[in-house]
Number of protein chains: 2
Amino acid sequence: MKKVTMLDVANHAGVSKSTVSQYLNKRYDYMAVETKSKIEEAIDELQYQPNIIARSLKVKSTKTIGVIVANILHEFSTQIIRAIEDVCHELGFHIIVCNADENPVKEEKYINMLYAKQVDGIIIFPTGENIDLYKQLQSSKFPIVFMDRLVPEINIASILLDNENASAVAVEEFITNGYSRIGIVTTSAFKNVTPRLERISGYKKAMQKYDLSMVSDYIRSVESDSIQLELKKMLSLPEPPQAILAGNDLALIEILKFVKKAKLSIPGDISVIGIDDVSFADLYNPPLTTIKQPTFEMGKMAAELLLNKIDGADNVLPKNIYRFRPKLIRRSSC
Amino acid sequence: MKKVTMLDVANHAGVSKSTVSQYLNKRYDYMAVETKSKIEEAIDELQYQPNIIARSLKVKSTKTIGVIVANILHEFSTQIIRAIEDVCHELGFHIIVCNADENPVKEEKYINMLYAKQVDGIIIFPTGENIDLYKQLQSSKFPIVFMDRLVPEINIASILLDNENASAVAVEEFITNGYSRIGIVTTSAFKNVTPRLERISGYKKAMQKYDLSMVSDYIRSVESDSIQLELKKMLSLPEPPQAILAGNDLALIEILKFVKKAKLSIPGDISVIGIDDVSFADLYNPPLTTIKQPTFEMGKMAAELLLNKIDGADNVLPKNIYRFRPKLIRRSSC
DNA sequence: CTGAAAGCGCTTACAG
DNA sequence: CTGAAAGCGCTTACAG
């Protein structure tokens, strides 16, 4: 697979490689039309494709960014990637996608590899565990944007949902529909993942605001595989909740499984709202009321912020956290 | 963001950069322990990260492959990417993900960019339209693997589902459950996308095999947004089908929407099987019988094949099409 | 208007 | 056991 190089083109066209390079970089200012067409021809005949690696080495920019997602199997990640890819494609950037699997060791490895590969910047859904590494990158002015999660120890631009508002909107919707005994179930928060923490605190604040009694038995943040058990306990209480807020898609799925097993009806026996507008929300029986994250806008914003930084607009703004408003999608589960 | 280079390390350690390079490439054969530790220290102190771009230029391998999916929003694509990423990660490869959006122009652009970026190989869900380009790559021995779709004009290793078998399995399941008037609905096949074509032909063959009458009104392959209309027509026939095979996830969703709107019951009024084990199959009421593609194995195989080719095991096997068996997942919609 | 030369940060045969 | 030199395929100031 011998590749044709700029030198081959130059020889073929009878000019120097400097001139070919000028041509490729569209500096036609002083170029004779004739030279131009000779080069054009040579490129065509030889099917020349420039070696971007060599170019990158010289110009110190790879036009590539890295995206490290926590888990690529989540629809949320995919939609974000899609949005990022869209804006990058516009601007001639490529993205290298990495899947950290919620694993700090993998995350570290990926960050280092991306750095070594000279990507121009990175968008990370941070595990939050590699603080020293984040700091090191930041202090060397390497462009980074965080997505979905905050790392309180460090002031890096971060895009996330207004999670507290998401919970508040859900609680209000429940109240509007006449429920007062409201619970929340989410996957484990022991890892300090921002969305989970904030969704719980948002729920608590909203309950307080509306003077509803906060029953600690109505609040559960546990591993996915314990949710069934916790739901069982919760709904066997002398006074069980009338409504449950699902903190994310996984929690919602567990709730739906439970409801089915227990042959409960929604919203008759229990009312449900889920954060994350899951793909089956519309199809479900009954259609599920959800709170949708503006994933597309979020991904777009992340890409734009990062590309700005790469362009040197290194505006270390005081306000570095970008919150996006969730949107209530009323269907029939509440 | 001045980066530290190998020369910095060499100076700091008081050796030449050749020696540092030897160290990095783990050629310790003749290296004095003392030299070794001096270099180690220097790397540590300077926080040196080698520039892989420079290395790539020299060794002519980027340890990066490109993956061009047809549409990253499909769960199928995501799962394939995940599987590819898993095997690549093992072997120190990175993947650049591109989203061709079923658009040949975008596909061409991406292929050229990836090539220019010196990726070591590409896995493509081909649109099938850029035949000349595929041929050109193949003739220059550039490693490629096709996924999900065949391009008959060209003999490139291709991974795909045994689509005819998928339809056959579905038809047989319908028959076992006592249905004989069986239809199939899939999204438009005008683009000659392999899975759609083969799923229809598989359906036809199976119907023939079991001596069931083939009613052309029961077979529809149209754009997503016309499916509602076609279903309405189909189910208003004097003798409507008792069972419908959904050719893919999109078709399935349309069928479910229709069923809901028309207040039909599954499987009472109409029995349904979907190809693609959609995420909500289990949750739906009733749980949906589906045919699952072994996405993980398929992605793994694609990656392994490609990496083999990259390694030079350029086995142009006569048999170049790898078919994977689908799996029936019996639930309650049939 | 075009070309020679230096250099980007590595690797690798080869000399000593 | 280690270093000097050439070279990977580009770009870019500068000379002419």
Side-chain angles (χ1 to χ4, degrees), chain A residues 1-40 42-43 46-64 112-113 115-120 140, chain B residues 1-40 42-43 46-64 112-113 115-120 140:
Chain A
M1 202 179 66
K2 184 74 192 61
K3 295 199 175 173
V4 8
T5 79
M6 185 176 269
L7 187 59
D8 298 326
V9 176
N11 289 151
H12 198 88
V15 299
S16 77
K17 59 192 172 78
S18 313
T19 307
V20 177
S21 177
Q22 307 285 17
Y23 173 85
L24 289 174
N25 292 293
K26 305 208 190 322
R27 300 202 191 153
Y28 306 135
D29 316 6
Y30 301 102
M31 194 173 297
V33 258
E34 170 177 29
T35 310
K36 205 168 142 183
S37 62
K38 273 192 300 184
I39 296 178
E40 242 150 36
I43 288 179
L46 301 178
Q47 306 220 58
Y48 170 65
Q49 283 284 358
N51 181 330
I52 297 191
I53 289 288
R55 168 167 223 280
S56 297
L57 178 59
K58 187 68 197 173
V59 303
K60 290 167 181 300
S61 144
T62 53
K63 289 274 195 176
T64 303
N112 284 327
M113 281 180 104
Y115 186 82
K117 280 204 171 165
Q118 315 298 113
V119 295
D120 297 338
S140 69
Chain B
M1 200 179 68
K2 182 74 192 63
K3 294 200 175 173
V4 8
T5 78
M6 185 176 271
L7 187 59
D8 299 325
V9 175
N11 289 151
H12 197 89
V15 299
S16 78
K17 59 192 172 77
S18 314
T19 308
V20 177
S21 178
Q22 307 284 15
Y23 171 86
L24 288 173
N25 290 295
K26 304 209 189 327
R27 299 202 192 153
Y28 305 136
D29 316 6
Y30 298 101
M31 194 173 297
V33 258
E34 171 177 28
T35 310
K36 205 169 143 183
S37 61
K38 273 192 299 185
I39 297 178
E40 242 150 34
I43 289 179
L46 301 177
Q47 305 221 61
Y48 171 65
Q49 283 283 358
N51 181 331
I52 297 191
I53 289 289
R55 168 168 224 279
S56 296
L57 179 58
K58 188 67 198 175
V59 303
K60 288 166 181 301
S61 144
T62 52
K63 289 275 195 174
T64 303
N112 284 328
M113 280 180 105
Y115 185 82
K117 280 205 171 164
Q118 316 297 115
V119 295
D120 296 338
S140 70

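Owing to the predicted nature of the structure, the values given are computational and were not obtained by experimental measurement. Here is how names work: the chains are called A, B, and so on, in the same order as the sequence lines, proteins then strands, and each is numbered from 1.
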Any chance you could measure A:Gln22, atom CD, to A:Ser16, atom OG, to the nearest 0.5 Å? 8.0 Å

Is the shortest side-chain N/O distance from A:Tyr48 to OP1 or OP2 of D:dC10 below 4.0 Å? yes

Roughly how many Å is it from NZ in B:Lys17 to C1' in C:dG9, rounded to a whole number? 7 Å

Checking A:Asp8 side chain against A:Thr5 main chain: does a donor-acceptor pair fall under 3.5 Å? yes

Has the side chain of A:Ser56 got a donor or acceptor atom that lies under 3.5 Å from a matching backbone atom of A:Ile52? yes

Cation-pi geometry met for B:Lys3 and A:Tyr115 (6.0 Å, 45°): yes

Length of the line joining A:Ile53:CD1 and C:dC8:C1', which is rounded to integer Å: 13 Å

OP1 or OP2 of C:dG9 under 4.0 Å from side-chain N/O of A:Lys60: yes

Distance in angstrom units between B:Asn51 CG and D:dG9 C1', rounded: 14 Å

Any strand is fair game: report the nucleotide pairing with C:dA13 by Watson-Crick or G-U wobble, both distances under 3.5 Å, or none. none

Quick one: A:Leu7 CG to D:dC8 P, roughly how many Å, whole number? 9 Å

Assert: residue with more 5' nearest nucleotide on DNA chain D, out of A:Leu24 and B:Ser18, is B:Ser18

Rounded off to whole Å, could you give me the CD-to-P distance for the B:Gln22 and C:dA13 pair? 10 Å

Nearest-nucleotide comparison on DNA chain D, the residue closer to the 5′ end among B:Val15 and A:Val4: B:Val15

Between A:Ser16 and C:dA4, is there a contact of a side-chain N or O with OP1 or OP2 at under 4.0 Å? no

Examine C:dT11: is either OP1 or OP2 under 4.0 Å from a nitrogen or oxygen in the side chain of B:Asn25? Give yes or no. yes

Measure the CD1-CD distance between A:Ile43 and A:Gln49 for me, rounded to the nearest 0.5 Å. 9.5 Å

If I take atom CG in residue B:Leu57 and atom C1' in nucleotide C:dG7, what distance separates them, rounded to the nearest angstrom? 12 Å

May I have the distance from B:Met6 (atom CE) to C:dT12 (atom C1'), rounded to whole angstrom? 12 Å

By nearest atom, which of the nucleotides C:dC8, D:dT12, D:dT2 is closest to the B:Thr35 side chain? D:dT2

Watson-Crick or G-U counterpart of C:dA4, or none if no pair lies under 3.5 Å: none

D:dC10 phosphate, OP1 or OP2: any side-chain N/O from A:Ser21 under 4.0 angstrom? no

Distance-only donor-acceptor test, B:Lys58 side-chain atoms vs D:dG7 base atoms, 3.5 Å: yes

Whole angstroms only, please: what is the CG-P distance between B:Asp8 and C:dC8? 11 Å

